[in-house]
> 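Before I ask anything, let me first share the structure, which is written out below as structure tokens.
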Amino acid sequence: MSVILRTSELWRTFGGVAAVAGVDFELREGELRCLIGANGAGKSTFFKMLTGQLKPTSGRITLYGKDITNLPSFAIARMGVGIKTQVPNLFNGLSVRENLLVAARFRMSAREAAEAADAMLERIQMTAQAQLATGSLAHGHRQWVELGMILINDPQLVLLDEPAAGMTAGEVERTIALLESMRGKRSFIIVEHDMHFIRRIAERVTVFHRGRVLVEDTMDEVVRNTEVRDAYLGQHGREAR
Ligand SMILES: Nc1ncnc2c1ncn2[C@@H]1O[C@H](COP(=O)(O)OP(=O)(O)OP(=O)(O)O)[C@@H](O)[C@H]1O
Ligand SMILES: [Mg+2]
């Protein structure tokens with residue numbers, strides 16, 4: 001499978017702090033990659049550079065062979081990238097269905113968008129909540145609305161920062177099922193703390209530590225790695241094993 005996304009010597013500093021310190025990264029077509037690491041390890045900063053929300057201090061990002069290092073988010077989204085940031089990005093005053101419609105209208109006619117919104121409501125199992133204001137929903141449900149808003153435009157690359165945060169165990173299962181239904185058909189980068197969730201979905205895992213990539217391997221190897229345990233899994237390792 002070909003490499004679709006690549007970063008070379010990517011850096012981002014804030015004042016004197018190097019949040020991301022020279023990351024070389026590659027994602028292959030159809031791959032589902034999880035990024036893990038302790039709080040403050042640099043995952044979201046790295047993620048925001050991929051999505052165009054933050055400009056790198058130095059280094060380069062290429063997507064489908066095109067240099068996207070300084071492109072804004074909307075231009076990256078137009079290349080077929082679906083982006084879910086750590087903080088849900090919803091129109092709280094609008095209903096679930098209206099949020100999906102807004103997202104769909106990015107590319108579709110009004111009639112196509114209405115059909116797509118109804119189909120997506122089924123897919124995220126929220127038809128019964130279609131008319132509720134998203135601002136009134138629990139966090140896990142808000143996460144699904146946002147997933148629906150991303151998937152409605154059929155992105156080839158999906159970037160998710162903490163998609164399972166705030167979900168109950170049952171909700172996490174439904175999220176896993178949704179991701180499983182797309183495995184291999186789209187490419188994913190998923191930042192997540194929930195080790196149970198990662199265990200279930202992960203193929204290769206990239207471990208961030210102090211702005212760098214500490215290890216990149218299968219989940220089994222990552223869990224066995226003593227350096228990773230010291231750096232991160234001390235907090236979470238028990239759940240992971
Ligand atoms: N806008 C900012 N201004 C200043 N410092 C920042 C900013 N964003 C991130 N940092 C710092 O950069 C480092 C990496 O933060 P980042 O949010 O990327 O970590 P993370 O791995 O996503 O953590 P978490 O798991 O808590 O989400 C931290 O030291 C953080 O305080
Ligand atoms: Mg983060």
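In listed order, ligands and their atoms are each counted from 1. Counting from 1, the numbers follow the sequence of the chain as shown.
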> Do R97 and D118 meet the salt-bridge criterion of a basic N to acidic O distance under 4.0 Å?
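Answer for the salt bridge query: yes.
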> What is the closest protein heavy atom to atom 21 (O) of ligand 1, and at what distance does it sit?
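Its nearest protein heavy-atom neighbour is K43 NZ, 2.8 Å.
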> Check whether more than 12 heavy atoms from other residues, nucleotides or ligands sit under 6.0 Å from atom CZ of R174, and answer yes or no.
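Result for CZ/R174: enclosed.
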> With only distance considered, is G42 within less than 3.5 Å of ligand 1 through an N or O on each side?
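So ligand 1 has an N or O lying under 3.5 Å from an N or O of G42.
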> For the residue pair E9 / W11, report whether a side-chain donor-acceptor contact shorter than 3.5 Å exists.
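Indeed, the side chains of W11 and E9 share at least one donor-acceptor pair under 3.5 Å.
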> Hey, does A41 come in under 3.5 Å of ligand 1, counting only N/O atoms on both sides?
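Between A41 and ligand 1, an N or O pair is found under 3.5 Å apart.
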> Will you find, in the side chains of S44 and D161, an N or O donor that is under 3.5 Å from an N or O acceptor?
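Checked: S44/D161 side chains pair up, N/O donor to acceptor below 3.5 Å.
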> Provide the number and element of each atom of ligand 1 under 4.0 Å from a heavy atom of T45.
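Result: 9 (C), 14 (C), 15 (O), 16 (P), 18 (O).
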> Could you list the atoms of ligand 1 found under 4.0 angstrom from a heavy atom of N39?
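Every atom of ligand 1 under 4.0 Å from some heavy atom of N39: 23 (O), 24 (P), 25 (O), 26 (O).
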> Among protein heavy atoms, which lies nearest atom 17 (O) of ligand 1, and at what distance?
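Closest protein heavy atom to atom 17 (O) of ligand 1: S44 CB, 3.8 Å.
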> Return the residue, atom name and 0.1 Å-rounded distance of the protein heavy atom closest to atom 23 (O) of ligand 1.
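Going by distance alone, atom 23 (O) of ligand 1 is nearest to G40 N, 2.8 Å.
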> Going by distance alone, is a donor N or O of one side chain under 3.5 Å from an acceptor N or O of the other, for H141 and E171?
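The answer is yes; a qualifying pair exists.
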> Output yes when a protein non-hydrogen atom is found under 4.0 Å of atom 30 (C) of ligand 1, and no otherwise.
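No; the ligand atom in question lacks any protein heavy-atom contact below 4.0 Å.
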> Give the ring-plane orientation class for F46 versus F25, where under 30° counts as parallel, over 60° as perpendicular and anything between as tilted.
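Ring orientation of F46 relative to F25: perpendicular.
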> Counting from 1, what ligand 1 atoms have a heavy atom of A38 closer than 4.0 Å?
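Result: 21 (O).
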> Ignoring hydrogens and angles, state whether a donor on the side chain of R33 or T206 is under 3.5 Å from an acceptor on the partner side chain.
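The criterion, which ignores hydrogens and geometry beyond distance, is satisfied for T206 and R33.
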> Ion pair present between R200 and D194, side-chain N to carboxylate O less than 4.0 angstrom?
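Not counted as a salt bridge, because no side-chain N and carboxylate O are separated by less than 4.0 Å.
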> Can you tell if the side chain of R186 reaches within under 4.5 Å of the side chain of L32, non-hydrogen atoms only?
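Of all side-chain heavy-atom pairs linking L32 with R186, none is under 4.5 Å.
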> Can you tell me if N39 has an N, O or S atom under 2.8 Å away from the Mg ion (ligand 2)?
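Looking at N39, which is the residue asked about, there is no N, O or S atom under 2.8 Å from the Mg ion (ligand 2).
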> Which residue and atom name correspond to the protein heavy atom nearest atom 12 (O) of ligand 1, and how close is it?
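It is A19 CB, 3.2 Å.
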> Any heavy atom of R12 closer to ligand 1 than 4.0 angstrom?
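No, R12 has no heavy atom closer than 4.0 Å to ligand 1.
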> Within the structure, does F14 bring an N/O atom to less than 3.5 angstrom of an N/O atom in ligand 1?
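Between F14 and ligand 1, no N or O pair is found under 3.5 Å apart.
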